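What follows is a set of notes on a single structure, which appears directly below.
All values below come from the heavy atoms of this structure, side chains included, with hydrogens, waters and symmetry mates left out. Just so it is clear, the structure is predicted and the values come from calculations on it, not from any experiment.
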Amino acid sequence: MQIYNTMTRRKEELVPLTPGVIRMYVCGPTVYNFFHIGNARPFVVFDTLRRYLEYKGFNVVFAQNFTDIDDKLIRRAGEEGITVPEVAERYIQEYYTDADALGVERSSVNPRATEHIGEIVALVQTLIDKGHAYAADNGDVYFSVRSYPAYGKLSGQSIEDLESGARIDPTEHKRDPLDFALWKGAKPGEPSWETPWGRGRPGWHIECSAMSMNILGETFDIHAGGQDLVFPHHENEIAQSEAATGKPFARYWMHNGYININNEKMSKSLGNFMLVRDIAKEFDLEAVRFFLLSAQYRNPVNFSRELVEQADAALLRIRNARERLDEALAKPAPSSTAEDEAFIASVAEFRGRWEEAMEDDLNTADAIGVLFDFTRAANGFISEPRGEASLRAADALLRDVCSVMGILRHKKEEAFPKEALDLLEERKAARAAKNWARADEIREALKAMGFAVEDGKEGAKLKRL
RNA sequence: GGCACCAUAGCCAAGCGGUAAGGCAGAGGUCUGCAAAACCUUUAUUCCCCGGUUCGAUUCCGGGUGGUGCCUCCA
């Protein structure tokens with residue numbers, strides 16, 4: 001599989017450190033609020049990568065953290081009059097509510113910063129011991145950027161360029177404006193932990209280094225996140241981690257593009273964000289997931305209600321195909337013919353094309369194109385009775401594709417209210433009597449109740465609208 | 001100022017050296033009592049502009065134009 005590596009700015013063959021195992025780390029949410037659609041993109045995209053790798057037979061160790069101690073949580077706790085752990089716990093649960101609805105599989109591990117304080121402190125101590133970090137007089141500990149000559153290798157910037165562009169940091173505790181905090185000295189009323197250099201709490205960047213290396217090893221395969229994390233977050237992680245261990249940190253760096261609103265980056269600071277929680281009031285989040293996968297993950301995508309509606313309409317095609325196939329599968333099958341053989345061969349081709357798209361740096365847009373091509377072929381093929389083997393081949397492909405893409409996860413709701421079923425019966429009688437006026441009237445009534453009627457060869461069906 | 005990214009139909013979006021996938025929306029048709037779903041046909045003489053390389057460029061190179069992002073918390 002080819003993966004675009006931000007470090008080398010090229011697509012590279014993904015070769016895991018340990019054959020058959022992929023160790024990956026995705027930067028997770030800071031849990032002080034509900035997450036927005038922009039935050040959702042990496043969750044969905046890298047979940048899809050994980051699912052694909054598992055489909056290919058890899059054992060994927062997938063870690064996504066929760067940042068549960070930082071300025072924003074402290075502020076939030078103050079605003080709500082509750083403790084920082086209470087804020088964290090609440091929004092971790094809210095994260096799961098939205099992530100589950102988006103079809104994001106649970107991580108193998110969900111480390112929380114506060115549960116790894118020991119490793120974080122040890123890592124900071126190592127950096128101090130090796131001369132890469134220093135404790136300032138206010139209890140902060142800073143990483144000395146100039147002590148790590150390779151600094152800037154991920155973002156493609158030299159220390160000098162960064163220096164000239166850096167805004168003046170008001171803090172006087174740093175020796176160099178580029179230095180960043182590994183540890184923040186305790187302030188009154190804030191959560192803090194005891195360390196050899198005084199009480200305090202971890203800085204943001206060091207958490208991810210400590211947790212990822214602790215769980216996945218000092219060198220692991222994939223480190224992923226949004227493009228806005230390239231600098232400084234991931235650059236800093238590399239500096240800290242490699243300075244401490246002397247070994248390469250992550251081997252492949254993957255970064256997803258932004259979600260935009262009117263071609264402008266959606267972000268909490270700009271205030272133009274849309275909460276996944278709010279979108280869920282209007283749309284099935286499966287449509288949102290499908291929308292997110294309808295573009296290649298590195299490209300920016302605009303978000304709008306209209307586009308989710310388009311995605312929803314497109315998804316309906318796949319749902320309908322799924323239903324038609326289920327119905328075909330439920331019928332007695334005639335014995336296979338040469339046409340079945342040919343169809344089975346074409347299914348194998350579709351599978352090949354789909355995998356090829358997925359393996360080209362997770363080109364889900366292209367992969368979806370293959371899915372639709374397959375859908376049309378299958379819909380046409382099953383318009384008449386077909387052998388079991390060919391139906392099963394189609395079923396297996398559709399299942400695999402949907403499973404990797406995380407769509408069509410819901411079971412069909414077959415429980416219709418008695419009132420609706422009675423109306424359907426009455427309509428059947430009316431149609432038998434060729435009383436079309438009454439039949440149409442009932443169809444309208446059912447529509448008003450939220451059900452569509454579809455007349456097929458084997459009678460009428462109800463569908464939820 | 002430094003470092004990147006993007007520009008393909010009404011709306012999305014692949015393709016990235018061999019003559020424009022797919023979806024939504026629209027139009028026509030088959031099926032249907034009428035619909036719906038499904039299927040078929042149709043919708044870009046052309047990929048922001050100008051040069052260059054090439055037998056051949058949407059695809060590579062150079063230069064423009066327009067838009068975006070990172071360099072500060074941010075997915």
If you find the nucleotide of RNA chain B closest to A:Cys27 and the one closest to A:Glu306, which residue's nucleotide is nearer the 5' end?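 Looking at the nearest nucleotide for each, A:Glu306 comes out on the 5' side.
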
Given RNA chain B, 5'-ward residue of the pair A:Glu264 and A:Pro300, judged by closest heavy atom: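 The residue closer to the strand's 5' end, by nearest nucleotide, is A:Pro300.
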
Can you tell whether the side chains of [X] and [Y] come within less than 4.0 Å, N to carboxylate O?
{"X": "A:Asp68", "Y": "A:Arg112", "result": "no"}
{"X": "A:Arg443", "Y": "A:Glu454", "result": "no"}
{"X": "A:Asp340", "Y": "A:Arg386", "result": "no"}
{"X": "A:Asp47", "Y": "A:Arg289", "result": "yes"}
{"X": "A:Asp100", "Y": "A:Arg409", "result": "no"}
{"X": "A:Asp70", "Y": "A:Arg201", "result": "no"}

Between [N] and [M], how far apart are the two [atom1] atoms, rounded to whole Å?
{"N": "B:G15", "M": "B:U58", "atom1": "C1'", "value": "9 Å"}
{"N": "B:A13", "M": "B:A7", "atom1": "C1'", "value": "13 Å"}
{"N": "B:A57", "M": "B:G52", "atom1": "C1'", "value": "11 Å"}
{"N": "B:G62", "M": "B:C3", "atom1": "P", "value": "15 Å"}
{"N": "B:A25", "M": "B:C11", "atom1": "C1'", "value": "7 Å"}
{"N": "B:U53", "M": "B:U43", "atom1": "P", "value": "35 Å"}
{"N": "B:A20", "M": "B:U32", "atom1": "P", "value": "38 Å"}
{"N": "B:U42", "M": "B:U68", "atom1": "P", "value": "39 Å"}

Centroid-to-centroid, [X] to [Y], below 6.0 Å?
{"X": "A:Phe66", "Y": "A:Tyr96", "answer": "yes"}
{"X": "A:Tyr32", "Y": "A:Tyr91", "answer": "no"}
{"X": "A:Tyr148", "Y": "A:Tyr151", "answer": "no"}

Between residues 225-234 of chain A and RNA chain B, which residues have a heavy-atom gap below 4.0 Å?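 Only A:Gly225, A:Gly226, A:Asp228, A:Leu229, A:Phe231 qualify.
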
Under 4.0 Å from any atom of RNA chain B, heavy atoms only: list the residues of residues 422-441 of chain A that qualify, in numerical order.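 Within this stretch, A:Arg427, A:Arg431, A:Trp436, A:Asp440 sit under 4.0 Å of the strand.
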
For [N], which nucleotide in any strand shown is its Watson-Crick or wobble partner with both distances under 3.5 Å?
{"N": "B:C47", "answer": "none"}
{"N": "B:G66", "answer": "B:C6"}
{"N": "B:G56", "answer": "none"}
{"N": "B:A38", "answer": "B:U30"}
{"N": "B:G17", "answer": "none"}

Within the 4.0 Å heavy-atom criterion, would you say [X] contacts the bases, only the backbone, or no part of the nucleic acid?
{"X": "A:Asn320", "result": "sugar-phosphate"}
{"X": "A:Glu309", "result": "nothing"}
{"X": "A:Ile259", "result": "base"}
{"X": "A:Ser383", "result": "nothing"}
{"X": "A:Gly38", "result": "base"}
{"X": "A:Ala365", "result": "base"}
{"X": "A:Val370", "result": "nothing"}
{"X": "A:Gly257", "result": "base"}
{"X": "A:Asn263", "result": "sugar-phosphate"}
{"X": "A:Asn299", "result": "sugar-phosphate"}
{"X": "A:Tyr258", "result": "base"}

I need the [atom1]-[atom2] distance between [X] and [N], as an integer number of Å.
{"X": "A:Glu235", "N": "B:G2", "atom1": "CD", "atom2": "C1'", "value": "14 Å"}
{"X": "A:His255", "N": "B:G69", "atom1": "NE2", "atom2": "C1'", "value": "14 Å"}
{"X": "A:Arg298", "N": "B:C16", "atom1": "CZ", "atom2": "C1'", "value": "13 Å"}
{"X": "A:Asn379", "N": "B:A36", "atom1": "CG", "atom2": "P", "value": "16 Å"}
{"X": "A:Asn260", "N": "B:A13", "atom1": "CG", "atom2": "P", "value": "10 Å"}
{"X": "A:Arg9", "N": "B:C70", "atom1": "CZ", "atom2": "C1'", "value": "11 Å"}
{"X": "A:Leu316", "N": "B:A38", "atom1": "CG", "atom2": "P", "value": "7 Å"}
{"X": "A:Asp361", "N": "B:A14", "atom1": "CG", "atom2": "P", "value": "12 Å"}

How are the rings of A:Trp253 and A:His255 set relative to one another: parallel (under 30°), tilted (30 to 60°) or perpendicular (over 60°)?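 Aromatic pair A:Trp253/A:His255 classed parallel.
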
Relative to each other, are the rings of A:Phe372 and A:Phe290 parallel, tilted or perpendicular (30° and 60° limits)?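 If you compare the ring of A:Phe372 with that of A:Phe290, the planes turn out perpendicular.
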
I'd like to know if the side chain of A:Glu12 pairs up with that of A:Thr8 as donor and acceptor (distance under 3.5 Å, no hydrogens or angles considered).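 Per modelled atom types, A:Glu12 and A:Thr8 side chains form a pair under 3.5 Å.
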
So which nucleotide from [options] ends up closest to the side chain of [X]?
{"X": "A:Asn363", "options": "B:C70, B:G15, B:G67", "value": "B:G15"}
{"X": "A:Arg376", "options": "B:G33, B:G23, B:G69", "value": "B:G23"}
{"X": "A:Ala314", "options": "B:G33, B:A21, B:G23", "value": "B:G23"}
{"X": "A:Leu162", "options": "B:A36, B:C71, B:A13", "value": "B:C71"}
{"X": "A:Asp360", "options": "B:A37, B:G15, B:A14", "value": "B:G15"}

Does [X] get its side chain close enough to the base of [N], under 3.5 Å, for a donor-acceptor pair?
{"X": "A:Arg443", "N": "B:C34", "result": "yes"}
{"X": "A:Asp455", "N": "B:C34", "result": "yes"}
{"X": "A:Gln310", "N": "B:C12", "result": "no"}

Given A:Glu80 and A:Arg90, is the salt bridge (charged side-chain N to carboxylate O under 4.0 Å, His left out) satisfied, shown in steps? CA-CA 12 Å; A:Glu80 299 197 6; A:Arg90 173 172 166 204; 3.1 Å; yes

Would you say A:Lys265 places a side-chain N or O within less than 4.0 Å of OP1 or OP2 belonging to B:C70?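 It does, given that an N or O in the side chain of A:Lys265 lies less than 4.0 Å from OP1 or OP2 of B:C70.
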
Taking only side-chain nitrogens and oxygens of A:Arg305, does any of them come within less than 4.0 Å of OP1 or OP2 of B:C24?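 It does not, given that no N or O in the side chain of A:Arg305 lies less than 4.0 Å from OP1 or OP2 of B:C24.
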
Main chain of A:Glu264, side chain of A:Asn262: is a donor-acceptor contact present, judged purely on distance under 3.5 Å?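 Looks like no, no N/O pair under 3.5 Å.
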
